There are 2 protein chains.
Amino acid sequence: MNFSELRRQLYGLPKCLFGRVQVAAAQCRGTALHGGAHRRVLRSCLPKGNAEKQKEERSRGGAAGRFSRARIHGLTIAPRFAGWQCVPLKCTREGKPRAIMPTIVVASHPEPCRMNITAVARKARVSTATVSRTINGSSSVQAGTAERVRKAIAELGFHPDINARALGSGRSSLYGLIISDITNPFFPELVKAFEDAAVAHHKEVLIANTGYDPKRLDICVKRMLQRKVDGVAIMTSEMDDALLDVFQKRKIPLVLLDAHPASPGVSSVRIDHSAGMLQAVQHLAELGHTRIGFISGPLNLPSARERHTAFQAACKQFRIRLMPRRMTQGDHRVDGGYKAMQQLLQTNTDLTAVVCSNDLTAIGAMEMLFESGLRVPEDISVVGSDDILLSAYTRPGLTTVNVPREDLAGAAFRSLLSYTLGADVNVVGQEHIFTPKLVCRGSTAANASRSDEEP
Amino acid sequence: MNFSELRRQLYGLPKCLFGRVQVAAAQCRGTALHGGAHRRVLRSCLPKGNAEKQKEERSRGGAAGRFSRARIHGLTIAPRFAGWQCVPLKCTREGKPRAIMPTIVVASHPEPCRMNITAVARKARVSTATVSRTINGSSSVQAGTAERVRKAIAELGFHPDINARALGSGRSSLYGLIISDITNPFFPELVKAFEDAAVAHHKEVLIANTGYDPKRLDICVKRMLQRKVDGVAIMTSEMDDALLDVFQKRKIPLVLLDAHPASPGVSSVRIDHSAGMLQAVQHLAELGHTRIGFISGPLNLPSARERHTAFQAACKQFRIRLMPRRMTQGDHRVDGGYKAMQQLLQTNTDLTAVVCSNDLTAIGAMEMLFESGLRVPEDISVVGSDDILLSAYTRPGLTTVNVPREDLAGAAFRSLLSYTLGADVNVVGQEHIFTPKLVCRGSTAANASRSDEEP
DNA sequence: CTGTTAGCGCGTTCAG
DNA sequence: CTGAACGCGCTAACAG
């Protein structure tokens with residue numbers, strides 16, 4: 001028998017009383033009566049049955065007698081227990097109730113409207129196991145029983161607690177999605193598609209912004225691990241290989257954006273940047289442009305590097321001369337594009353077109369061009385990449401390489417889901433490649449200056 | 001003693017063996033040997049100590065003898081247990097090992113690298129409670145002990161399981177954020193600010209898109225409830241009052257956007273639309289505009305209604321004549337703005353300015369004006385509302401009423417947090433009002449047409 | 001200050 | 001097919 005049970009019996013509380021039964025840390029004349037003293041008082045009330053404990057207590061010096069009625073009566077209820085139910089102490093010792101009783105505060109949390117599986121089971125008059133089986137449709141439950149259970153669930157408006165379910169089963173049906181920055185217009189559609197896919201499969205999504213900050217990335221990863229996610233999609237480019245180990249060690253499947261899956265349980269969705277750049281450069285070449293500038297993203301990002309090299313390869317294919325002074329670096333944001341364009345204009349006076357590593361960069365570049373008095377596309381053509389929502393509504397509309405973000409996100413989610421559905425985590429995952437497509441808008445036009453540098 | 005424990009002792013497995021010990025549902029000559037038959041075999045091996053059970057078993061007909069060695073030897077391991085560890089059966093009955101032993105498959109899951117609080121406690125040679133206390137910094141733990149625990153945590157790379165924590169403590173440190181649609185540029189900054197605030201307080205955010213669909217809103221709410229969120233911010237306008245009850249019944253604090261907190265535990269963050277509209281109209285009035293059109297949002301949304309009435313009030317204040325044909329309705333999206341502008345142009349030929357209920361609408365309207373050959377701002381001025389990221393990069397830049405979304409989100413989170421930190425959920429929450437501020441960009445200019453209709 | 005343990009709500013296993 | 005019991009990892013209450 002525990003002490004709690006002992007107390008319960010001591011206080012004569014019905015067993016059915018839900019919630020915890022506890023004794024308030026009541027105050028005795030300003031001095032907290034807790035710990036040993038309190039317990040000694042209780043011990044002194046032990047029924048004869050617990051002779052052993054009583055004896056042990058007595059042998060320690062018979063603390064029971066040390067608290068006179070007067071002192072016990074001096075107990076006051078601590079403020080935080082105000083309003084709690086006071087249960088008279090029914091001491092079974094020799095059947096004689098003792099005077100100290102009403103001064104002990106028994107706090108029985110008022111029966112909360114517990115909406116757990118037990119409540120449903122009670123209502124449907126079955127066991128909790130049967131309710132669980134009905135909910136999950138696992139084993140066969142007799143039709144009638146199942147119906148009764150379902151009815152009870154509906155009537156009580158019961159939703160199983162996902163935390164408990166995750167704890168017990170080990171599966172959280174939660175998928176992590178790590179992105180750089182939700183305010184970057186590239187991501188919302190990605191997020192939405194991922195979430196839609198998840199909700200369709202009754203899964204949840206935990207979104208984390210790294211804010212381009214490796215430190216915050218660690219925090220994000222920690223959050224994911226703590227929540228025991230069933231899989232993580234890392235859609236930010238600033239990846240650390242150490243991260244892979246962290247997830248792999250815990251057998252958590254991963255999906256990466258624009259990376260080769262080199263480890264077990266890691267798959268990837270890739271954008272065929274070379275195809276995209278090829279289309280962009282071809283488009284410009286067909287319009288007669290030969291002196292084309294390029295504003296890259298931060299070259300420590302793999303995806304930015306890939307776009308960079310893809311641009312170079314495309315230029316080679318179309319025999320467009322690459323010159324270092326025509327290549328500069330932005331930061332994938334508007335400001336970076338603005339500054340990079342400024343720099344390009346300083347070092348080049350003859351550019352007729354600029355390709356940008358992403359749309360925000362292109363928008364910044366167009367802003368700069370506008371302020372410099374250059375017209376887009378008459379004086380200079382601009383091509384972006386991503387096709388964010390904004391790019392349709394700039395003036396002129398931005399010609400850009402559309403990256404199918406919805407498809408990307410859907411494929412990423414499905415990869416993760418496949419592991420949950422039984423794919424082997426020890427096998428290196430698949431690679432899904434998506435080909436972007438050029439969207440022509442108003443920011444590109446035929447090269448008006450006839451002074452081509454070379455054939 | 002359980003049956004499991006009995007078996008464990010029977011098989012001579014060490015107590016320290018982690019994981020479950022179970023007997024495979026082995027197959028006997030194609031027939032599953034399970035349930036009663038299997039148990040009878042086991043029972044027959046019971047050590048003398050369990051005389052009582054043995055006796056009971058014998059009285060039922062002495063099933064033990066019914067399985068000859070030959071038959072038992074015919075047991076084969078079911079495929080799903082292939083590769084599992086086989087532990088020889090060590091029968092203690094009179095010390096004589098019996099021949100049937102090796103045929104029983106004992107599956108002991110290989111010890112997984114369990115990263116729980118117990119592992120940390122073992123390593124730091126303290127109790128789990130001490131580890132818990134160190135992590136949560138609740139009660140005082142001796143400096144040296146705490147240091148040892150922290151070291152163990154670091155060495156093992158331990159992260160507490162949040163699901164378990166939520167289950168045990170009742171607090172999930174998870175806050176729900178319900179928005180309409182993450183791809184609507186109004187929301188990402190809101191989301192980001194909310195999340196930043198949450199992460200700063202070591203809380204988590206669960207984001208849900210309703211997609212403007214009441215049905216999906218129900219699903220979102222269900223998700224929130226299942227995750228046992230500590231609070232919910234409903235930042236979408238299409239609210240159902242029935243929802244309030246759902247959350248209130250479960251004592252989950254709420255924050256609403258643009259609504260009066262009428263219930264206990266509900267607070268709200270509001271935008272002072274009249275102040276914003278006043279600035280917008282004043283700006284136009286000062287530029288000499290008197291014939292001003294208005295494109296509202298869907299008027300079933302409270303926030304759209306508020307902006308609508310705020311516009312009317314502002315016009316009255318500046319003695320600008322309101323005419324029904326100058327008011328039309330969009331859908332808070334680009335398309336809606338485009339179509340609404342088309343309609344306005346058809347019914348009005350003399351407009352010199354248009355105020356839009358949000359920026360996307362304004363962008364659509366500008367698109368339409370451009371296609372109609374009208375210049376912004378020379379022929380017609382356009383004012384939006386929200387100040388989304390896009391509006392700085394349209395050409396011309398959009399003059400708009402900046403709604404401080406970061407502040408909004410921060411205040412919303414703090415309201416929720418205050419309940420977690422001890423505010424009474426039974427008290428009607430506070431109301432935080434934010435005043436928007438007009439941002440002047442290029443889409444507004446002085447009225448060029450001198451034919452003012454009235455003084 | 002630290003150790004021990006009940007119990008959170010569910011899924012799962014095993015006895016009948 | 002159903003019910004009883006255990007365990008997931010942690011917190012909080014209690015014991016010393």
Side-chain angles (χ1 to χ4, degrees), chain A residues 2-7 18-25 34-36 38-40 42-43 60 107 112 114-121 125-136 138-146 149 158-171 226 228, chain B residues 2-5 7 18-23 25 34-36 38-40 42-43 112 114-121 124-136 138-146 149 158-172 226 228:
Chain A
N2 334 350
F3 215 82
S4 302
E5 173 61 11
L6 184 154
R7 250 196 342 247
F18 250 93
R20 296 175 187 179
V21 175
Q22 58 185 139
V23 173
H34 65 280
H38 169 64
R39 290 194 293 272
R40 275 192 294 276
L42 282 172
R43 286 250 173 79
R60 282 202 213 165
R114 295 209 180 190
M115 273 316 319
N116 54 19
I117 204 169
T118 314
V120 176
R125 280 173 299 124
V126 292
S127 69
T128 58
T130 305
V131 177
S132 175
R133 277 189 284 256
T134 309
I135 293 172
N136 299 306
S138 57
S139 305
S140 46
V141 179
Q142 218 157 7
T145 316
V149 171
F158 166 76
H159 301 297
D161 182 330
I162 296 209
N163 292 312
R165 178 178 280 180
L167 181 59
S169 69
R171 278 167 281 114
Q226 288 190 312
K228 293 272 182 295
Chain B
N2 321 341
F3 214 83
S4 302
E5 173 61 11
R7 250 195 341 248
F18 252 93
R20 297 174 188 181
V21 176
Q22 58 183 136
V23 174
H34 66 281
H38 170 64
R39 291 194 293 273
R40 275 192 292 277
L42 282 172
R43 286 248 174 80
R114 295 212 182 188
M115 273 315 318
N116 53 17
I117 203 170
T118 313
V120 176
R125 280 172 299 126
V126 292
S127 68
T128 59
T130 304
V131 176
S132 176
R133 277 190 282 257
T134 308
I135 294 171
N136 300 308
S138 58
S139 304
S140 47
V141 178
Q142 215 157 13
T145 316
V149 171
F158 165 76
H159 300 296
D161 182 330
I162 295 210
N163 292 313
R165 176 179 284 178
L167 183 58
S169 69
R171 278 167 283 112
S172 63
Q226 287 191 312
K228 293 270 184 294

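Computed from a predicted structure; not experimentally measured. Hydrogens, waters and symmetry mates play no part in the numbers below; they use all other heavy atoms, side chains included. We name chains A, B, ... by the order of the sequence lines, and we start the count at 1 in each one.
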Look up atom OG1 in A:T130 and atom CD1 in A:I135, then write down how far apart they are to the nearest 0.5 Å.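 So the OG1 of A:T130 and the CD1 of A:I135 are separated by 11.0 Å.
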- Query: Once you round to the nearest 0.5 Å, how far does CZ of B:R171 lie from CZ of B:R165?
  - Reply: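 Between atom CZ of B:R171 and atom CZ of B:R165 there are 9.0 Å.
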For B:T145 and B:R133: C-alpha separation, side-chain torsions, deciding distance, then whether side chain to side chain contact (heavy atoms under 4.5 Å, CB included) applies. CA-CA 11 Å; B:T145 316; B:R133 277 190 282 257; over 6 Å; no
Quick one: does A:V126's side chain get under 4.5 Å of A:V131's, heavy atoms only?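 They are in contact (side-chain heavy atoms under 4.5 Å apart), so the answer is yes.
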ask   = Is the shortest heavy-atom distance from the side chain of A:S132 to the side chain of A:T128 under 4.5 Å?
value =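 Side chain of A:S132 against side chain of A:T128, heavy atoms only: no contact under 4.5 Å found.
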Any [X] side-chain nitrogen or oxygen under 4.0 Å from OP1 or OP2 of [N]:
X: B:N136; N: D:dT11; answer: yes
X: B:T145; N: C:dT2; answer: yes
X: A:S127; N: D:dA4; answer: no
X: A:T118; N: C:dG9; answer: no

[X], nearest nucleotide to its side chain (from [options]):
X: A:R165; options: C:dT5, C:dG11, C:dT12; answer: C:dG11
X: B:Q142; options: D:dC8, C:dT2, D:dT11; answer: C:dT2
X: A:R171; options: C:dG3, C:dC10, C:dT12; answer: C:dT12
X: A:P160; options: C:dC10, C:dG3, D:dA4; answer: C:dC10

- Item | 5' priority, DNA chain C, between B:K228 and B:A146 [closest heavy atom] |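 It is B:A146, whose closest nucleotide lies nearer the 5' terminus.
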**Prompt:** Quick one: on DNA chain C, does A:S132 or B:R125 contact a more 5' nucleotide (nearest heavy atom)?
**Reply:**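 The residue mapped nearer the 5' terminus is B:R125.
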Rounded to the nearest Å, what distance is computed from the [atom1] atom of residue [X] to the [atom2] atom of nucleotide [N]?
X: B:L167; N: D:dC8; atom1: CG; atom2: C1'; value: 9 Å
X: A:I117; N: C:dC8; atom1: CD1; atom2: P; value: 14 Å
X: B:I135; N: D:dG9; atom1: CD1; atom2: C1'; value: 11 Å
X: B:R133; N: D:dA15; atom1: CZ; atom2: P; value: 14 Å
X: A:I162; N: C:dG11; atom1: CD1; atom2: C1'; value: 14 Å
X: A:N116; N: C:dC8; atom1: CG; atom2: C1'; value: 9 Å
X: B:F158; N: D:dG9; atom1: CZ; atom2: C1'; value: 8 Å
X: B:D161; N: C:dC10; atom1: CG; atom2: P; value: 16 Å

